[in-house]
Amino acid sequence: MPATAACGRGPSVSASATSTEVAGSLKTTSPGAPVARPGGRAWAVLAILCFVYVLNFLDRQLLSILAKPIQDELGVTDGQLGLITGLYFALFYCILAIPIGWLADRTNRVRILSIAIALWSAATAACGLSTNYAQLATSRMAVGVGEAGGVPPSYAIISDYFPPGLRGRALSLFNFGPAIGQALGVAFGASIAAAYSWRDAFLWVGVIGVVTALGVWLFVREPKKGGLDVPLQSHPPADAAPISGSGFWPTCRMFFSNPILRGMAFACGATQFVTYAFLNFATLFLMREKGMRLEEVAVWYALLVGFGVSAGMFASGWLIDRFVRRSKTAYAYLPAIGLAIAAPLFAGFVWAPSWPLALVFLALPMGLNYFYLSPAVTLVQQEVRPDQRVLSGALLLLVMNLIGLGLGPTYLGAASDFFSARHPDNSLQMAFYTLIPFYGVAIAMFLGLAVKIRRQAVKEATP
């Protein structure tokens with residue numbers, strides 16, 4: 001497999017690469033290579049896409065944030081809540097992301113993204129109109145259908161606006177979206193629900209999303225695919241083999257046959273099992289078993305989420321760009337270290353007898369739990385062909401979210417229902433305690449991934 005060499009406009013790929021080599025991964029730029037500086041349009045697009053991700057995550061988390069008033073009005077159990085925030089949503093979100101990603105790699109990614117925003121926003125508004133559990137579940141699944149076309153195209157668009165060497169930071173800034181979306185969801189959703197109704201929060205967020213979809217369609221330009229990876233040649237060699245688009249199944253085989261990409265996806269899935277289970281029940285836990293009120297959630301928990309997750313996203317992206325130049329094992333060691341520090345503090349959060357003390361324990365884990373995301377996204381976007389980026393990002397999300405989003409909340413809701421007979425006053429606390437061993441599973445998987453990365457580096461360095 002030919003190595004890539006960085007230059008002012010990005011790494012080059014040998015024009016005589018064989019078809020087998022072309023289907024493989026691109027290597028990262030060499031340490032100390034010069035990095036092209038993106039212009040103002042690139043940063044403006046990044047800001048717009050980050051706002052889209054804010055809406056994406058706000059819509060996704062709004063149901064969990066407003067779980068208490070929804071339960072009070074519609075009579076939804078913890079187990080049912082886990083299903084509609086977890087498995088039901090994830091099945092549509094993850095599975096449809098694959099064909100949408102394949103389509104986006106071959107068409108206009110900005111148009112795909114705009115349509116997706118409009119769809120999930122309309123479905124969010126429909127959640128606010130639901131009068132029973134069946135309607136709420138159906139609307140929730142429609143949100144998953146729309147959001148399937150949100151994140152993977154954005155990953156690829158950003159990767160074609162920012163060159164290697166800056167992608168880690170750009171993608172980490174994009175990944176502020178979940179942090180801001182969660183924080184705004186808590187603050188906005190809880191405030192609207194406290195002042196008016198939980199239904200109004202869904203309706204307002206849906207309307208904002210539809211307007212945003214129109215803005216993306218009108219103002220974001222589709223970048224050249226791979227334009228910062230393969231320098232344009234005015235006179236390509238006569239014997240140069242054209243780089244054609246990779247097919248759907250060849251890209252899937254490439255992804256899952258690559259032990260590093262596969263290992264990263266499953267390690268992130270194990271991490272998300274904890275993070276999504278926590279996110280989807282944290283507000284309900286704080287209100288029902290720690291004594292917080294909606295007004296307090298809208299201020300204190302929202303601030304903790306906003307600052308904590310944002311700091312974790314930024315720090316992990318900056319650290320990856322810094323340390324991966326020395327060794328690619330940083331892609332695995334950084335998440336492992338973050339989770340090892342977070343685990344005992346998370347246990348303190350679950351144990352704490354009052355909500356102020358619980359939030360103190362949660363301050364560091366809120367950021368450290370997300371040290372996996374920027375390394376994972378950067379690794380995948382950096383290691384695959386430009387015309388494989390959307391589908392590869394979708395495959396990463398497929399594994400991560402089927403395990404984490406699909407099973408995490410579903411498991412925790414069922415566990416809470418299980419404990420409710422013997423622990424009616426703290427069933428969620430007992431269920432949260434059972435998440436702690438999963439930290440160990442995720443740490444072990446990231447350490448195993450580090451071994452695979454080191455072995456590949458030795459193999460590539462061997463003549």
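Keep in mind that this is a model prediction, so the values were computed, not measured.
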Would you compute the distance between atom [atom1] of [X] and atom [atom2] of [Y] and round it to the nearest 0.5 angstrom?
| X | Y | atom1 | atom2 | answer |
| --- | --- | --- | --- | --- |
| I48 | W43 | CD1 | CH2 | 14.5 Å |
| N108 | I157 | CG | CD1 | 8.0 Å |
| W300 | L359 | CH2 | CG | 9.5 Å |
| T131 | L74 | OG1 | CG | 8.0 Å |
| T212 | L113 | OG1 | CG | 10.5 Å |
| I192 | I65 | CD1 | CD1 | 12.5 Å |

Y155 and F174: aromatic ring centres closer than 6.0 Å?
->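 Under 6.0 Å, so yes.
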
Step by step, work out the side chain to side chain contact (heavy atoms under 4.5 Å, CB included) result for Y331 and F446.
-> CA-CA 9 Å; Y331 285 122; F446 276 116; over 6 Å; no

Does [Y] offer a backbone N or O that forms a donor-acceptor pair with the side chain of [X] under 3.5 Å?
| X | Y | result |
| --- | --- | --- |
| Q80 | T77 | yes |
| N401 | A90 | no |
| D321 | R169 | yes |
| K68 | R293 | no |
| S416 | L412 | no |
| R111 | W217 | yes |
| N56 | V52 | no |
| E147 | W120 | no |
| Q388 | T251 | no |

I'd like to check [X] versus [Y] (side-chain heavy atoms, cut-off strictly below 4.5 Å). Are they in contact?
| X | Y | value |
| --- | --- | --- |
| C94 | M400 | no |
| S121 | V205 | no |
| S427 | R288 | yes |
| L284 | Q71 | yes |
| L407 | L402 | no |
| F57 | L279 | yes |
| D200 | S197 | yes |
| I260 | L449 | yes |

With side chain to side chain contact (heavy atoms under 4.5 Å, CB included) as the test, would you mind laying out the steps for F371 and T271 before giving the verdict?
-> CA-CA 10 Å; F371 263 36; T271 307; over 6 Å; no

Looking only at heavy atoms, which two atoms of [X] and [Y] are closest? And how far apart?
| X | Y | answer |
| --- | --- | --- |
| L171 | S159 | CD1-OG, 4.4 Å |
| C127 | S139 | SG-CB, 3.6 Å |
| L435 | F273 | CD2-CE2, 4.1 Å |
| I180 | S310 | CG1-OG, 4.4 Å |
| A330 | V324 | CB-N, 4.1 Å |
| A394 | A97 | CB-O, 3.3 Å |

Just wondering, are more than 12 heavy atoms of other shown residues or ligands nearer than 6.0 Å to [atom1] in [X]?
| X | atom1 | answer |
| --- | --- | --- |
| Y439 | OH | yes |
| Y196 | OH | no |
| F314 | CZ | no |
| K225 | NZ | yes |
| F307 | CZ | no |

Between [X] and [Y] (salt bridge meaning N to carboxylate O under 4.0 Å), is one present in this structure?
| X | Y | result |
| --- | --- | --- |
| E73 | R199 | yes |
| K328 | E383 | yes |
| D105 | R385 | no |

Testing F285, W355, F361 for ring-ring contact (aromatic ring centres under 6.0 Å, His included) with F349, which one passes?
->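 Among F285, W355, F361, the one that satisfies the ring-ring contact (aromatic ring centres under 6.0 Å, His included) with F349 is F285.
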
Will you find, in the side chains of [X] and [Y], an N or O donor that is under 3.5 Å from an N or O acceptor?
| X | Y | result |
| --- | --- | --- |
| T124 | D59 | yes |
| S64 | T85 | no |
| Q272 | Y372 | yes |

Any chance you could lay out the side chain to side chain contact (heavy atoms under 4.5 Å, CB included) test for Y161 and L46, step after step, and finish with the verdict?
-> CA-CA 9 Å; Y161 269 105; L46 178 60; over 6 Å; no

Are L136 and L63 close enough, and set up right, to give a side chain to side chain contact (heavy atoms under 4.5 Å, CB included), and what steps lead you there?
-> CA-CA 10 Å; L136 187 63; L63 186 62; 4.0 Å; yes

Mark yes or no: R262 above the aromatic ring of F256, with NZ or CZ under 6.0 Å from the six-membered ring centre and no more than 45 degrees from the axis.
->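 No, R262 does not lie over the aromatic ring of F256.
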
Aromatic rings F346 and F278: how do their planes relate, parallel, tilted or perpendicular, breaks at 30° and 60°?
->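 Taking F278 first and then F346, their aromatic rings stand perpendicular (interplane angle over 60°).
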
Report the residue from Q381, R109, K224 that forms a side-chain hydrogen bond (donor to acceptor under 3.5 Å, both in side chains) with D160.
->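 Running side-chain hydrogen bond (donor to acceptor under 3.5 Å, both in side chains) over Q381, R109, K224 with D160 returns exactly one hit, R109.
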
